[in-house]
Amino acid sequence: MDETNALIAQRRAKLDALRQKGIDPFRNKFTPDRDCGEARAQFEAGLLAEGAPVALAGRITAHRDMGKSQFLDLKDQSGRIQIYAQKQTLGDEGYEIFKHLDLADFIGVTGTLFRTRSGEPTVKVERFTILAKALRPPPAKWHGLEDTEIRYRQRYLDLMSNDEVKRVFLQRSAIIKEIRAFLDARGYVEVETPMMQAIPGGAAARPFKTHHNALGCDFYLRIALELPLKRLLVGGLDKVFEIGRNFRNEGLSRKHNPEFTMLEAYQAFGDYESMMELVESLICHVAEKVLGTLIIEHKQDQPVAAAITAALRELDELSFSTMGNLMKAVGGDAAAAFVADIGKAREALVAAERTLGQAPAEEVAKRAIEALLVAIGAVGLHQAAASRGDRNLADHFTAAAARFDASVRALERHTAPKVINLTRPWRRVKYKDLVRERAGADWFDLSPAERRRRAVELGAEIADAYEDFEVTQAVFEKLIEPTLINPTFVTHCLKELIPLAKLSPEDPSTVEVFECCINGQEISPGYTEQNDPIEQRERLEHQAGGEQQKLDEDFLVALEHGMPPAGGIGIGIDRLCMMLLGQDSIRDVILFPQLKPR
RNA sequence: GGGUUGGUAGCUCAGUGGUAGAGCAGCGGCCUUUUAAGCCGUUGGUCGUGGGUUCGAGUCCCACCCGACCCA
């Protein structure tokens, strides 16, 4: 945001020069007769003939100066079209002004369509108007904008220079539009409920707190949409939904933004089974409308590149840090052999990295793993000899081998193409059956202490304070959920996890719910909603844990007035977009992700 | 919160203690069908911030700020 920059000063000087000439560089209005992309497409399709007049407006994104004529690229949301200006058409003065236009300026042009020698549809400019002068230079011409911090803080620059980013956000908009269309067609009514609540409920999460001056009381930003929507079921709105922002005062990560968008929908006289059908149909509808397919492939170039870069650093670190001590411990020849082996592994890694972009990422990952196995072999071979001479060195080798192992595991996650197949019907499996499948058929027959021990054996992190059901849930979240790439309805979860759902008559230790997992993430929960006010109070009191969380008494009063049996769902819109649009980070599907203020 | 890693020109990046660089963008010149146009010339830096070590720091050390990734 440097104000003294020479490039900015130059542009301001140009602005002043224009004003001197009596030209207003910030116009109120110019009316194009079509979009840039539209004009190009219509010309290509023969709908506009050679010589057809057009009026277009857009931002200048490139220019090729030929002396007495020049080509510019004009870009608007629809796309890009080339324009061509000649000195003889614009006149000496007009051409002089045109020549001093800057990249990123907005202009409007009128002229006629023609095709250049190389076949490019082009507008021969007859008149032009400067619509908005850009006083700062745009980011790179063909590198795009790479700096993640600027991309997130100044998203407009990201959108301006990275077409792929623009595409993602246009598709996010299309996804939300199709969700509305789908629910509307099924007779759901869209409503809006308060974001500021005296008692935040409907989920277990830390809320943001704010204060209302006139009312003299505190409010919380909502953490879920659930409780107001259920009040509407009581009121007789039988099919309702809301798409809105929730706020949770918790950590930020690849999967979490403090404010995120949820869809919640409730249907009177539905249950968790009818809601599974809804979720399945809704997501398939959206995928087909927006993507035109139910088979979604995710590129893995970025995680593979990151894993290889990390592995290269490990390799370099090892050869630099051990060389001297290794010479002392095992002698020059052996040390040289070791370094040569590591060097070979390094070369193979670099070679693999170079093929990224050409070869499929999963092939690259496989080659990188082979390279790392060479390095691990070399470490193993020399470790025994080295450890006789030097204790610290042996520790160093052990640590290095462990880090290489970690790198291999990271790469192994990407050795198969990542494809999500949304073709129906989606798998439905009971929570307990899935846990038995992955953690042992006898899982629920074990004593709590045995379960805890096996969970640790399986690699889950178990805190001492965990209750028994939390141990099972940790196994589910850490070991099972990440493997559920294709859509899976995990039904009948443990009742302790979900206080707002009805118990399952066939197994009262579970509730009639599902968690729909896709892409290794929970995307959509759905319940047969609890409508027994007495039962609901008990469950909430048990969850509330006494004083720490206040009960929403008005919600319980509403239930006492009678809520019809109902099914409800939530869908995390951001995660749905990540899954459908192949984005690994929630920040890449939220226009303005939360960052710390500068 | 912890680990790893990054911040150098408008952008993308080099720069392993000894005169701060390249490409693109910019500015000037040549060129009336170019398209990552080309050719010639040229401007541009608080090296994230603040300390320290040193004859000398973009580079080494310490603290802090802001990102990214992984973990909690």
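What you see is a predicted model, and the numbers here were worked out from it, not measured in a lab. Proteins come first, then strands; the chains are lettered A, B, ... in the order of their sequence lines, and each starts at number 1. When reading the values below, keep in mind they use all heavy atoms of this one structure, side chains included, and skip hydrogens, waters and symmetry mates.
Under 3.5 Å, the side chain of A/E146 and the base of B/U12 form no donor-acceptor pair of N or O atoms. For A/S118 and B/U33, a side-chain-to-base donor-acceptor distance below 3.5 Å is absent, hydrogens and geometry of angles not being considered.
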Strictly under 4.0 angstrom, non-hydrogen atoms only: write out the protein contact profile of nucleotides 20-28 of chain B, one letter per nucleotide from the 5' end, B, S or -.
----SSSSS

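Near RNA chain B, meaning a heavy atom under 4.0 Å away, the residues from residues 64-74 of chain A are A/R64, A/D65, A/M66, A/G67, A/K68, A/S69, A/F71.
Taking 4.0 angstrom as the limit, A/R117 places a side-chain polar atom (N or O) nearer than this to OP1 or OP2 of B/U34.
Qualifying side chain to side chain contact (heavy atoms under 4.5 Å, CB included) partners for A/A17, counting only residues two or more places apart in sequence or in other chains: none. A/E457 pairs by the side chain to side chain contact (heavy atoms under 4.5 Å, CB included) definition with A/R453, A/R454, not counting sequence neighbours. For A/F260, there are no ring-ring contact (aromatic ring centres under 6.0 Å, His included) partners, not counting sequence neighbours. Scored by the ring-ring contact (aromatic ring centres under 6.0 Å, His included) test, A/F43 finds no partners at all (sequence neighbours excluded). Considering only residues two or more places apart in sequence or on other chains, A/T261 meets the side chain to side chain contact (heavy atoms under 4.5 Å, CB included) condition with A/R172, A/I243, A/R245, A/I573, A/D574. With sequence neighbours excluded, no residue satisfies ring-ring contact (aromatic ring centres under 6.0 Å, His included) with A/F247. Legend: residues meeting side chain to side chain contact (heavy atoms under 4.5 Å, CB included) with A/D105, ordered by chain and number and at least two apart, are A/R11, A/I60, A/L101, A/D102, A/K133, A/A134. Applying the side chain to side chain donor-acceptor pair (under 3.5 Å) rule to A/E363 yields no partners; only residues at least two apart in sequence or on another chain are considered.
Here A/R151 pairs with A/D588 in a salt bridge; the nearest charged N to carboxylate O distance falls below 4.0 Å. Taking 4.0 Å as the cut-off between side-chain N and carboxylate O, A/R80 and A/E120 count as a salt-bridged pair.
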Show me the protein contacts with nucleotides 68-72 of chain B, counting only N or O atoms at under 3.5 Å.
residue, atom, partner, partner atom, Å
B/A68, OP1, A/R587, NE, 3.1
B/C69, OP2, A/R587, NH1, 2.9
B/C70, OP1, A/R254, NE, 3.4

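Nucleic acid contact for A/E120: base, since at least one base atom lies under 4.0 Å from a heavy atom of the residue.
Nucleotide B/C27 forms a pair with B/G41, judged by Watson-Crick or G-U wobble geometry with both contacts under 3.5 Å.
Using atom P as the reference point in both B/U34 and B/C13, the two lie 32 Å apart (nearest Å). Rounded to whole Å, the separation between the C1' atoms of B/A14 and B/C30 comes to 32 Å.
Within the structure, ring pair (Phe, Tyr, Trp, His ring centres under 6.0 Å) contacts touching residues 49-83 of chain A (residues at least two apart or in different chains) are A/F71-A/Y84.
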